[in-house]
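One structure is given here, and the rest of the page talks about it.
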There are 2 protein chains.
Amino acid sequence: MEEKEISQAVISRLPRYFRYLGELKDQGIERISSQELSDIMKVTASQIRQDFNNFGGFGQQGYGYNVEYLFQEIGRILGLNQKHNLIIIGAGNLGQALANYGNFERRGFLFKGVFDKNPQLYGKKIRDAEVQPMEHIEQFVKSNNIDIAVLAIPKTEAERVAEQLVDYGIKGIWNFAHVDLNVPEEVQVENVHLSDSLMKLSYNINRFHNGGGGKPDAPQ
Amino acid sequence: MEEKEISQAVISRLPRYFRYLGELKDQGIERISSQELSDIMKVTASQIRQDFNNFGGFGQQGYGYNVEYLFQEIGRILGLNQKHNLIIIGAGNLGQALANYGNFERRGFLFKGVFDKNPQLYGKKIRDAEVQPMEHIEQFVKSNNIDIAVLAIPKTEAERVAEQLVDYGIKGIWNFAHVDLNVPEEVQVENVHLSDSLMKLSYNINRFHNGGGGKPDAPQ
DNA sequence: AACCTGCTGTCAATTCATTGACATTATTTT
DNA sequence: AAAATAATGTCAATGAATTGACAGCAGGTT
């Protein structure tokens, strides 16, 4: 079979290619070489060719890559040609912000519903949905063909809710709770650990301004 | 004498160690071996020891690591013993959500102000701050010792605002705008590209459900 | 006190990712 | 139509990250 496993390192770079190609397309640029793309994106041309070749050849020797075609292909690889129905669990600040952020729709991620355990929020209108009680999740997932659940709840509840979602047949979890979920391998989890990211920023600021967060000045 | 550079791969893992050690500490656990931690965290014991040793030895042979001490040390490496003053640029859904999320304070990231270009939001109270016009940023950054700016504005404006922030002497930018910022190397940027993350999730869902149903690797 | 056990720190081996080099092939030019 | 040019696809070389192995030391045991 043609499909050999593709490393997550490569996958992580695809959205960035997709973004740049989209911009080139919007600028009306029709063709581009790996070298030109390399200059724009600040990665080596070799890596670009290597990455694309994981999925078969999208380019032509002597010509380069057709921007529109490559954009479409990468979109397809990322599954953006298909619609994904998603629900948001947790109607707090973050849950509401994500629900109201319309840009995901553009890539086929359709916001379908939002759930919270706080009765005071039931019925509150967010985007085109009303906040529903957690007890409705099962029915809703099953009858609305929901692929993805966005977990925007405290970490104390995340594991329990995730297990339920798995039982209901969810395919992927976009996890904003600060905890590592333990789910079967057929359920995909993508973590967004904001505080981890902020700590990394803190380290890098320190490294530069205080000469590295390196060694303890007094070991023990 | 220059410390040897520590790879970002290692740094990226530190917040996770920090989180697990904090939990162990809260459970009253005093000591732990790399092997025990390995079992809990699902990474190899070798990697744990290797990672910690980048910063000097925190453990003792025959004993293991003291949880409290290791927790403190990793916190210090990440710069969490220092306070960081931060402002949020953009009082939209995401900006407000981040401002209202109190958990960052716990690690020394203090929310000091929020700015937006929309006059209708001026004066709106968010947490302990009122939304201010963008023109106030310069003065505010300089007189309040602001380290970090959180960019929660559309990508069309992000580059321009980032340049200004650099001029005002900001040390780090936590960038939620979907664009790669071009800043001098002494300014640290940490990107949170949410849609990239969502696309990665989409790929992985696809890979499993449509892409030949392949697991990462056949069990040996 | 001497011995045994457990576990780190570290070096070597291995695996994985990135970069460099170039033969090959399409396009363009003359 | 043939030659020149351009740029891919791919293989080999290099570099980085992870894992494995073990000497040596601290702490516990008898």
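Residue numbers begin at 1 in each chain, while the letters A, B, ... track the order of the sequences.
Computed from coordinates, the A:I6 CD1 to C:dC16 P distance equals 15 Å when rounded to whole Å. Between the CG atom of A:N54 and the C1' atom of C:dA17 there is a distance of 11 Å, rounded to whole Å. Taking atom CG of residue B:N66 and atom P of nucleotide C:dC7, one finds them 15 Å apart after rounding to whole Å. If you measure from atom CZ of B:F52 to atom C1' of C:dT8, you get 12 Å, rounded to the nearest angstrom. With rounding to whole Å, A:F55 atom CZ is found 17 Å from D:dT8 atom P. For the pair B:I48 CD1 and C:dT8 P, the computed distance is 9 Å after rounding to whole Å. Taking atom CG of residue B:N53 and atom P of nucleotide C:dC11, one finds them 10 Å apart after rounding to whole Å. Between the CD atom of A:Q47 and the P atom of D:dT10 there is a distance of 17 Å, given to the nearest Å.
For the side chain to side chain contact (heavy atoms under 4.5 Å, CB included) test, residues two or more places apart in sequence or in another chain that qualify with A:Q27 are A:E23, A:L24, A:I29. In this structure B:Q47 satisfies the side chain to side chain contact (heavy atoms under 4.5 Å, CB included) test together with B:R13, B:Y17, B:V43, B:T44, B:D51, sequence neighbours excluded. Under the side chain to side chain contact (heavy atoms under 4.5 Å, CB included) criterion, A:S7 pairs with A:A9, A:V10, not counting sequence neighbours. When the side chain to side chain contact (heavy atoms under 4.5 Å, CB included) test is applied to B:E190, the partners found at least two apart in sequence or on another chain are A:S197, A:K200, A:L201, B:W174. The ring pair (Phe, Tyr, Trp, His ring centres under 6.0 Å) test applied to B:Y101 returns B:F104, not counting sequence neighbours.
Heavy-atom contacts from other residues, nucleotides or ligands closer than 6.0 Å to CD of A:E30 number 12 or fewer.
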Distances under 3.5 Å between nitrogen or oxygen atoms of protein and nucleotides 24-26 of chain C:
unit_1: C:dT24; atom_1: O2; unit_2: A:Q61; atom_2: NE2; d: 3.2
unit_1: C:dT25; atom_1: O4'; unit_2: A:Q61; atom_2: OE1; d: 2.5
unit_1: C:dA26; atom_1: O4'; unit_2: A:Q61; atom_2: O; d: 3.3

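Each of C:dA17, C:dC22, D:dA21 was ranked by its minimum atom distance to the side chain of A:R49; first place goes to C:dC22.
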Name the atoms and distances for all side-chain donor-acceptor pairs under 3.5 Å in residues 148-156 of chain B, with sequence neighbours left out.
none

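In terms of phosphate contacts, B:S7 brings no side-chain nitrogen or oxygen within less than 4.0 Å of OP1 or OP2 of D:dA16.
Of the residues in residues 33-45 of chain B, those lying under 4.0 Å from DNA chain C by heavy-atom distance are B:S33, B:S34. The stretch residues 68-78 of chain A has no heavy atom under 4.0 Å from DNA chain C, so no residue of it qualifies as close.
Heavy atoms of B:Y65 sit under 4.0 angstrom from primed sugar atoms or phosphate atoms, though from no base atom.
A:Q35 and A:D39 share a donor-acceptor pair across their side chains, judged by distance under 3.5 Å alone.
Within the structure, the side chain to side chain donor-acceptor pair (under 3.5 Å) test picks out no pair touching residues 57-67 of chain A (sequence neighbours left out). The salt bridge (charged side-chain N to carboxylate O under 4.0 Å, His left out) contacts involving residues 100-115 of chain B comprise B:E105-B:R127, where partners must be two or more places apart or lie in separate chains. Pairs passing the salt bridge (charged side-chain N to carboxylate O under 4.0 Å, His left out) check and including a residue from residues 156-177 of chain B, sequence neighbours excluded, read B:K117-B:E157, B:D147-B:K171.
Judged by atom type and distance alone, B:Q50 reaches the base of D:dT19 through a side-chain donor-acceptor pair under 3.5 Å.
Between B:V179 and B:A158, the shortest heavy-atom contact is CG1-CB, 3.8 Å.
Comparing B:S46 and A:R31 along DNA chain C, the residue whose closest nucleotide (by nearest heavy atom) sits nearer the 5' end is B:S46.
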